[in-house]
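Naming: A, B, ... by sequence-line order, numbering from 1 per chain. If you're wondering where the values come from, they're calculated on a predicted model, not measured in any experiment.
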2 protein chains.
Amino acid sequence: MSLKNVNQLSPIFKILGEPNRLRILCSLGLECRPVSDIVKATGMSQTNVSFHLRLLREAGLVRPERRGPYIYYCLPNGELLKILDQFSKWLDDKSYKMDVTEN
Amino acid sequence: MSLKNVNQLSPIFKILGEPNRLRILCSLGLECRPVSDIVKATGMSQTNVSFHLRLLREAGLVRPERRGPYIYYCLPNGELLKILDQFSKWLDDKSYKMDVTEN
DNA sequence: ATTATATATGAGTATACACACATATGAGCA
DNA sequence: TGCTCATATGTGTGTATACTCATATATAAT
């Protein structure tokens, strides 16, 4: 873990650190969905979804694709979901261990 | 990836999204180090290091351990570093692919 | 061309957050 | 006890950021 990695990773983590953005990613899963679907799925305002989609897009975490009047968004590949899942498992495991020890 | 995971993951990502915090974690690596070492290694002010250490501590990403006048900080285990490394590799791979395609 | 629908963008605002400065706590030693 | 060193905490401040409202753009249909 060098400085290069820090500069590479921290902007991505900053993006993922916003709950609504993470929810958007989760609502996509492996499918491509139009913005209106995301709005419905998350209950966020259309404006706010668009706002966060832009950041996700600029970070390369999501890819837009025009289909007629709709713009479908998708994850570039399934790897991110796998990594998130692994992270989540690590957290479960960690908190389990933390209960046993102290802090 | 459910809502539970989002609520669990996003605070952690928020913590990791701050470059200085990530640098602190990297400067620790697998070793335990006193705060003064971290200050030297990162070039940050003592106050600022303490500020970020508190957040890392409260998030369970770092564990304090008093040794005489010093307080040593360590990662709870090596897993986090592995995951960060994997994340970093994924990013390298992704940006490589993105150059080949478009966006 | 006009209208409707889908999405994006700009401006304004309130809140969160990183940081610095000053000071407090707590351990070890004279 | 008093002093020094290591670390933590409280307060203030500037800046970033999430959100809303109003409006712009782009596509499709009549």
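- B:Q8 and A:S88 share a donor-acceptor pair across their side chains, judged by distance under 3.5 Å alone.
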Note to self: Treating primed atoms plus P, OP1 and OP2 as sugar-phosphate and everything else as base, which nucleotides of nucleotides 4-11 of chain C get B, S or - for protein heavy atoms under 4.0 Å?
What the structure shows: --SBBBB-
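- For B:D85, the side-chain hydrogen bond (donor to acceptor under 3.5 Å, both in side chains) partners two or more places apart in sequence, or in a different chain, are B:K89.
- The backbone N or O of B:A59 lies less than 3.5 Å from no partner atom in the side chain of B:R57, so there is not a single donor-acceptor pair.
- Note that CZ of A:R21 is 8.5 Å distant from CG of A:L16, once rounded to the nearest 0.5 Å.
- B:F13 pairs by the ring-ring contact (aromatic ring centres under 6.0 Å, His included) definition with A:F13, A:F87, not counting sequence neighbours.
- Residue B:N48 places no side-chain N or O under 4.0 Å from the OP1 or OP2 atom of C:dA18.
- For B:E65, the salt bridge (Lys or Arg N to Asp or Glu O under 4.0 Å) partners two or more places apart in sequence, or in a different chain, are B:R63, B:R67.
- Taking atom CE on B:M44 and atom C1' on C:dC17, their separation rounds to 13 Å, with Å as the unit.
- Using a 4.0 Å cut-off on heavy atoms, none of the residues of residues 16-26 of chain A approach DNA chain C.
- At the phosphate of C:dC17, neither OP1 nor OP2 sits under 4.0 Å from any side-chain N or O atom of B:H52.
- Taking atom CG of B:L56 as the reference point, atom C1' of D:dA8 lies 15 Å away to the nearest angstrom.
- Phosphate contact (OP1/OP2 of D:dT17, side-chain N/O of A:K14, threshold under 4.0 Å): present.
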For residues 32-41 of chain B, which side-chain donor-acceptor pairs fall under 3.5 Å, sequence neighbours excluded?
from: B:R33; atom 1: NE; to: B:S27; atom 2: O; distance (Å): 2.9

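- Considering every non-hydrogen atom in both B:T42 and B:V49, the closest pair reads OG1-CG2, 4.1 Å.
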